[in-house]
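Because only heavy atoms are used, hydrogens play no part in the values below, and waters and symmetry mates are left out as well, while side chains stay in. Bear in mind that the values here come from a model prediction, so they are computed numbers and not experimental data. FYI, the numbering just counts along the sequence from 1.
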Amino acid sequence: MGAWMLYAAAAGALAAVAAAALERVMRMYRRPTRWVWAAALAATLSLAAATAVGREPIPATAPAAA
């Protein structure tokens with residue numbers, strides 16, 4: 001679980017850096033920047049959700065002692 005959380009945080013950080021760079025470019029050409037950040041947020045959420053699919057859930061209770 002911890003590795004997945006670190007992966008999702010790193011992916012979010014990379015998306016934020018890319019959005020900040022793209023925002024600067026969009027401002028240079030006088031284009032709206034709101035959708036850059038919306039796309040970065042959507043990409044982060046969809047990537048985190050896609051990597052979470054197929055993971056085995058952690059059991060809520062400990063297995064019985066043999």
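- In this structure, V36 and E23 approach most closely via the heavy-atom pair CG1-N, 4.2 Å.
- Here CH2 of W37 is found 9.5 Å from CG of L22. Values are rounded to the nearest 0.5 Å.
- Nearest heavy atom pair, residue T44 against residue A8, reads CG2-O, 4.5 Å.
- Annotation: side-chain hydrogen bond (donor to acceptor under 3.5 Å, both in side chains) contacts of R31 (sequence neighbours excluded): none.
- Nearest approach of L47 to A11, heavy atoms of both residues: CD2-CB, 3.5 Å.
- Here CZ of R24 is found 15.0 Å from CE of M26. Values are rounded to the nearest 0.5 Å.
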